[in-house]
Amino acid sequence: MIGASEPGKVVTRFAPSPTGFLHIGGARTALFNYLFARHHGGEFHLRIEDTDRARSTEPAIAAILDGLTWLDFEWDGAIVYQFARAARHAEVAHQLLAAGHAYRCYASPEDLEEMRAAQRAAKQPMRYDGRWRDRTDWPNDAPFVIRLRAPQTGSVTINDLVQGPVTVANAELDDMVLLRSDGSPTYMLAVVVDDQDMGVTHVIRGDDHLNNAFRQLALIRAMGWAEPHYAHIPLIHGSDGAKLSKRHGALGVDAYRDDLGLLPEAVENYLLRLGWGHGDDEFISRAQAVEWFDLAGVGRGPARFDLKKLESVNGHYLRAADDARLTALIDTKVGGVIGRDLTADDRNLLQRSMSELKKRAANLNDLASSSLFLLRSRPIPMDDGAAKLLASAGLGNLARARAALAGVADWSVPALETAARALAEAEAVKLGQIAQPLRAAVTGSSQSPGLFDVMAVLGRDEVLGRIDDALIATQEGASA
RNA sequence: GGUCCCUUCGUCUAGCGGUCUAGGACGUCGCCCUUUCACGGCGAAAACACGGGUUCGAUUCCCGUAGGGAUCACCA
């Protein structure tokens, strides 16, 4: 036993193959395992299935751990590396062989390919035909594999916690390979032995493994081990209903963080609601998720991935997030664009604007780009909308607005607004006639947070300076 | 193709025989708020795949059909 556990305690595990990044489907499987374990006060373990030496990589392992850590799915105990346990797997295979529950098969890959070709031609199901099942006339030095002597009659029913009772006839299953001719264990053997040794009580995984469960059960029964509970959750599909691929956002979770600028709690909440629901609740905290999560509520059909909804959920969490945290999260993004490290003053400026900025952003990238105008040095760049506003407003209005603002003694939001409104009234124009050109001059854009809020945070000198910049630029543009 | 599984608005879902004139959310559209954009508020269009049963009564139970998915390696 390598996974410490008390009798009756729930033990789950997440067991990814380190052949690539932690993708969104894997993250959801991890989430469900994590939540189920925590809900029952049990343990959540992590096992890296690195038996495929050709495809397993160190960077992939690092990416998986990084993703789980970012999502805050804290695992219990030490990480189990499957490859390191190969000797134990082989030991079980030989135990089975000695007990007569497994046998040597000397069929070569070519023999088997020939067999399958014949089955294909005859439109028969392609299954190992058991040709070595009862033979003992073993060639001396020929390589062989060890196959499980699986039951051939009757049927097996799994009471899957998600799928319900599922029955498969044993005749549908063939004798799977346990130990390869080079002595290495197959996945089927390794999974069963590791789950057993780790004390896993609930196997929660993608439903691409549902068929495997029946064969694994045969192995478990041959060993006389305790049978775990199974829960096979449907895979996530792309927006077109096809299997999730890179086209639909089957990215590593690091891409959700770095490229899409999403918050981990948003990704978690979205993943939780994908295939599972709790009444009409849309926003569910970690604590609530732990309290409410159950496997029976997981849908049996594949759910489609919807980036729009994920972004919407992210917007919700962004608006709820702490201003200092958000400021820290966009720090390097912003610094990269303006071409310098942020100063303490910069950060202070960002943080004081954050409550307004975050209402307008769906992700951290939007948040960072919408905050740039605060930190840019004069003269700040004008976008097309701003240039158009300034050109049509004319010099007079902007100059009069500047004069009105310059006369404001107390540089506060209400005082600035009062001054602008007074000017609009005196000129007999709508406030927008005054505010829009000002917005363009001060923010370089036709869209921004509340103008008076912006002016208040930027300060008198900076605001008047920016207006002067715009006046000069407009004058030059008009005379050119 | 064999086996297994699934099927409520475009999408995620609520519903677990009568509460359904089928609820919520995203998206879409309209209105309000308003100095812009957002946020927020209000409202609209939008679904029980189809056909048989069972039942006094089916979105809910059963069986077909269609559609979708998973899987059939000395890969995991």
Side-chain angles (χ1 to χ4, degrees), chain A residues 15-19 49-52 54-56 82 105 107-109 112-113 116 119-120 123-128 143-147 160 162-164 166-169 171-174 176-182 184-188 190-191 206-212 214 232 234-235 237 239 241-243 270 273-283 297 299-313 315 319 356-362 366 370 385 389 417 420-421 424 430-440 443 445-452:
Chain A
S17 310
T19 54
E49 309 216 316
D50 55 353
T51 54
D52 185 341
R55 294 198 299 150
S56 299
Q82 193 161 62
C105 169
S108 69
L112 295 175
E113 187 39 54
R116 279 189 279 266
Q119 289 168 338
R120 203 167 15 240
K123 293 191 173 169
Q124 295 294 313
M126 288 188 286
R127 283 195 284 268
Y128 175 69
F144 64 90
V145 298
I146 296 181
R147 286 183 184 270
D160 193 280
V162 168
Q163 305 291 340
V166 183
T167 302
V168 165
E172 299 294 331
L173 278 17
D174 60 7
M176 64 178 168
V177 173
L178 264 20
L179 209 61
R180 300 190 186 97
S181 52
D182 66 358
S184 67
T186 60
Y187 163 79
M188 288 292 191
V191 169
D207 72 359
D208 50 332
H209 289 289
L210 178 56
N211 293 277
N212 290 337
F214 294 92
H232 289 93
L235 268 19
H237 284 201
S239 52
K243 193 169 179 178
Y270 176 73
R273 284 284 292 103
L274 198 58
W276 183 85
H278 183 267
D280 286 342
D281 295 309
E282 294 290 339
F283 301 109
R300 300 194 217 176
R304 299 186 187 198
F305 185 80
D306 182 357
L307 191 58
K308 278 273 179 50
K309 181 140 187 177
L310 208 203
E311 284 229 310
S312 165
V313 172
R319 292 189 288 281
E356 284 301 309
L357 288 172
K358 68 187 182 186
K359 283 196 287 206
R360 295 165 171 76
D366 289 354
S370 69
L389 271 173
E417 179 161 0
R421 285 190 187 280
K430 290 190 169 185
L431 182 56
Q433 300 283 105
I434 304 293
Q436 281 302 85
L438 271 178
R439 182 190 314 283
T443 70
S445 169
S446 58
Q447 302 166 12
S448 81
L451 177 60
F452 306 113

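This structure is a prediction, so every number in the text was calculated from the model and none was measured. Sequence lines set the chain letters: A, B, ... in the order given, protein chains first and strands last, and positions in each chain run from 1.
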*Mind calculating the distance between CE (A/Met176) and P (B/A73) to the nearest angstrom?*
13 Å
*Rounding to a whole Å, what distance do you find between A/Asp280:CG and B/C9:P?*
17 Å
_Quick check: do A/Arg127 and A/Glu172 have side-chain heavy atoms less than 4.5 Å from each other?_
yes
Atom pairs and distances, donor-acceptor, side-chain atoms in residues 302-311 of chain A, under 3.5 Å, two or more places apart:
{"unit_1": "A/Arg304", "atom_1": "NH1", "unit_2": "A/Ser239", "atom_2": "O", "d": "3.1"}
{"unit_1": "A/Asp306", "atom_1": "OD1", "unit_2": "A/Lys308", "atom_2": "N", "d": "3.1"}
{"unit_1": "A/Glu311", "atom_1": "OE2", "unit_2": "A/Asn363", "atom_2": "ND2", "d": "3.0"}

Under 4.0 Å between any heavy atoms, over every strand shown, what does [X] touch: base, sugar-phosphate, or nothing? Just pick one.
X: A/Ala107; result: base
X: A/Ser181; result: base
X: A/His209; result: base
X: A/Val166; result: sugar-phosphate

_Quick check on RNA chain B: between A/Ala169 and A/Thr186, whose nearest nucleotide comes earlier from the 5' end?_
A/Ala169
*asked:* Both A/Arg55 and A/Asp306 contact RNA chain B. Taking the nearest nucleotide for each, which residue is further toward the 5' end?
replied: A/Asp306
*With ring centroids as reference points, do A/His209 and A/Tyr187 lie under 6.0 angstrom apart?*
yes
*asked:* B/A76, OP1 or OP2 - any side-chain N/O from A/Thr51 closer than 4.0 Å?
replied: yes
*Answer yes or no: does a side-chain N or O of A/Arg147 lie under 4.0 Å from OP1 or OP2 of B/C74?*
yes
*Nucleotide-resolved protein contact map, nucleotides 59-69 of chain B, B/S/- at heavy-atom distance under 4.0 Å*: ----------S
*Where protein sits on nucleotides 28-42 of chain B, one letter per nucleotide: B base, S sugar-phosphate only, - none, heavy atoms under 4.0 Å*: -------BBBBSS--
_Quick one, A/Ser448 with A/Arg439, criterion side-chain hydrogen bond (donor to acceptor under 3.5 Å, both in side chains). Give me CA distance, side-chain angles, the key distance, then yes/no._
CA-CA 8 Å; A/Ser448 81; A/Arg439 182 190 314 283; 2.8 Å; yes
_For the C1' atoms, the ones on B/A58 and on B/C16, what distance do you get once it is rounded to whole angstrom?_
13 Å
